[in-house]
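Worksheet: the structure to be examined is printed underneath.
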There are 2 protein chains.
Amino acid sequence: MASPGNPRPVRLADIAKAAGVSHGTASNVFSRPEIVREEVRERVKAAAEAMGYGGPDPKGRLLRAGKVNAIGVATAEPLSYFFDDPFARVMMAGISQACDATGAGISLVSAANNEQLAWNIQSALVDGFIVFCIEGGSRLVQLARERKLPFVALDLASEDGSVATIGIDNVAGAAMAARHLTDLGHRRFAVLALEFVDGRTGLVSPDQAQNAVYAGTRDRLTGYFQELSRVGVDTTRVPIYATANDVASTKSALETIFGTAEPPTAILAMSDRMALVALEWLSARKLNVPNDVSIVGFDGVPEAAVSEPPLTTVAQPIAEMGRLAVKAILDNDGTTNRRQLPVELIVRASSAPPRG
Amino acid sequence: MASPGNPRPVRLADIAKAAGVSHGTASNVFSRPEIVREEVRERVKAAAEAMGYGGPDPKGRLLRAGKVNAIGVATAEPLSYFFDDPFARVMMAGISQACDATGAGISLVSAANNEQLAWNIQSALVDGFIVFCIEGGSRLVQLARERKLPFVALDLASEDGSVATIGIDNVAGAAMAARHLTDLGHRRFAVLALEFVDGRTGLVSPDQAQNAVYAGTRDRLTGYFQELSRVGVDTTRVPIYATANDVASTKSALETIFGTAEPPTAILAMSDRMALVALEWLSARKLNVPNDVSIVGFDGVPEAAVSEPPLTTVAQPIAEMGRLAVKAILDNDGTTNRRQLPVELIVRASSAPPRG
DNA sequence: AGCAATATTTGAATCGATCCAACGAAAGTG
DNA sequence: CACTTTCGTTGGATCGATTCAAATATTGCT
């Protein structure tokens, strides 16, 4: 039908000419109709209609106005991450809420492969960035910073004090999880870890862990081991398996962990996602949670409340973090550096004293 | 730190002057570095660095280049709809996939309140729109069309042949659901409907249904009743309750439907979301599904496969619809008008013959 | 009718880049 | 050495709008 598939070179200036007015007046017809005489206004509108003019092109307006009225959310994962991952979804819900309240839009920017990455960030039309640093964060942060736009990194315990961050106290949160399990009497542990270094999954030695690129992962491990040491557990013998936080690598991790002579009685998982996979995997193996194995997750995603059994976990105020991030960007007063929100241990049915 | 909170008026022209070259050359340094002499290139880059230039502003580039390289997804719901609603999420996953493949970004545009709505659509920086027409679609479609950008309406069985649409055969899908239940022997039904008219929930009479604004809702009802009539059910006595497709109004619907002397043995739900709420509500009432009541949903969202009991439903190729929509927008050849995809009845455990 | 006050309209300047025809300088050729 | 290529650089035109001071038209008042 009407759509010819190609050029639509009808500009404001065209209809101004057609209506016999200056482009200044034509512009006013759309942006401040009340100051234009009715007769003229109608004439211009008629011309616009006749020529198939779709209203002032935001591309043009933008340049003059300066503000895009949208905030960018960037991640190194594929775009579908925003809709699949439970953590991301709760976070996005918080971000959405804050954006709705202020009328801002959301631009999703992905950078799954490295070349696109740079370009996508560099050319994103946004007033600021929220960077998801769950994985592969460092490069993203650098690119975002180069845009010299307001930006906030989420969930990144970066060394770099110059990066505005909204996060949690990973050490304290992890310690709470470990403490809960040691209090229950557990002494044999395994850690389902997030990546310490980009793309590296598998068993990780304690020194490798100390040299982590991802400070968040390292800090959680520190928190875990801090508590385990207190009760005399030899942490050098606790298996640490880094996964890509997906089903496949988490299952590999579990195979390895439970393939040993003395399997753990308790699992410390650095994400609820891994913990939930573990729940399923153990159930398929006829291992009872919490009686054979206790599990404590991390994040506090909604799914953790309705799993079988419901998951004990360290809950982050995820949605709140999203809301704060938007706020930090919109009223970019430069004050919001490095905010740390409290976490909370939620005890549910996936943890209990070890057998016997 | 470095972020002063206000103006950053450093433009390409500024660094050009600082480096003692023309703006043309300065531009080349960033867009085609290979054609400018190394010495000059370094000089310009140094100047940029020194003055805190964040690279060519996409706002400026955009005007010249024309393409935003992002597609807009618009809905009349709040932005969080994209992350909360199961149907929307699967659809967005399909859209994400197609966008990732082509390197395009996604702009989420919401229009929860009417004034913002118009403006948000009119000022969205996108190359085309995908309009979610689940609810409140008509106005959205009109606004999107006025932008004269490529656009596709999803899930809208519009009368208007000039609107490009990707959808399903609602009548046929609904008929399959009803046929399944009548085949099982059911004769007493209730319909959990989506809205027929904007924002109107509650019991709906058959004539009101015929005057629906939302053709999709009406068509599904037509499909249901077509089959029910075939086996002699008096459709005028089948309660039709329109909900807002949320928990609260679905519960009200169920209260009403099961508050009668002769409650139905089978429920036809126009969305899985409602069907899942019904599952829970009935279980809380100690009514067994499928023995006391059978339920057939609509959509085929992932949650329907893992509910208790798993839900019999009419599955749409949701993700595929999303993928096709993106494709239709990107290679806007004007050919993609009104595409209808097949639906499929997935029989699970929520439907069985009525008692006795 | 004459003049001030008010209502409209005009057109140049601006937003921040990219593109491209033209041009000067250095290198290659006979 | 004059003459063509090649390479790099320049600066004006352009993308599509908004803004605003100045110009012009209308209206009100005596």
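First the proteins, then the strands, lettered A, B, ... as listed; each starts at 1.
Contact annotation: the side chain of A:Arg338 never approaches that of A:Ile166 to less than 4.5 Å [non-hydrogen atoms, C-beta and beyond].
Regarding A:Leu125, its CG atom lies at a distance of 13 Å from the P atom of C:dA17, rounded to whole Å. We find that CZ of A:Arg64 is positioned 16 Å from C1' of D:dT14, with the value rounded to whole Å. Here D:dG16 presents its P atom at 13 Å from CZ of B:Arg147, a figure rounded to the nearest Å. Counting to the nearest Å, the P atom of C:dG16 and the CE atom of B:Met51 are 13 Å from each other. Spacing between atom CD of A:Glu38 and atom P of C:dT9 amounts to 12 Å, rounded to whole angstrom units. Rounded to a whole Å, the CD1 atom of A:Ile35 is 9 Å from the P atom of C:dT8. If you measure from atom CG of B:Asp14 to atom C1' of C:dA17, you get 12 Å, rounded to the nearest angstrom. Spacing between atom CG of B:Asn28 and atom C1' of C:dC19 amounts to 9 Å, rounded to whole angstrom units.
Residue B:Thr25 places no side-chain N or O under 4.0 Å from the OP1 or OP2 atom of D:dT9.
Under 3.5 Å, the side chain of A:Arg37 and the base of C:dT8 form no donor-acceptor pair of N or O atoms. Scanning atom types as modelled, no donor and acceptor separated by under 3.5 angstrom connect the side chain of A:Arg61 and the base of D:dT18.
Summarising the geometry of A:Ser110 relative to A:Glu77, their closest heavy-atom pair is OG-O, 2.9 Å, with the distance given to 0.1 Å.
For an aromatic pair to be called close, the ring centres must be under 6.0 Å apart, and A:Tyr53 with A:Phe30 satisfies this.
Of the candidate nucleotides D:dT18, D:dT10, C:dT18, D:dT18 has the atom nearest to the side chain of A:Ser27. When the nucleotides D:dT14, D:dT18, D:dT19 are ranked by their closest atom to the side chain of A:Leu12, D:dT18 comes out on top.
Two residues, B:Glu34 and B:Gly60, neighbour DNA chain D, and the one matched to the more 5' nucleotide by heavy-atom proximity is B:Glu34. Comparing A:His23 and B:Val36 by the nucleotide of DNA chain D that holds the closest heavy atom to each, the one mapping nearer the 5' end is B:Val36. In terms of position on DNA chain C, the residue among B:Leu63 and B:Gly24 whose nearest nucleotide sits closer to the 5' end is B:Leu63.
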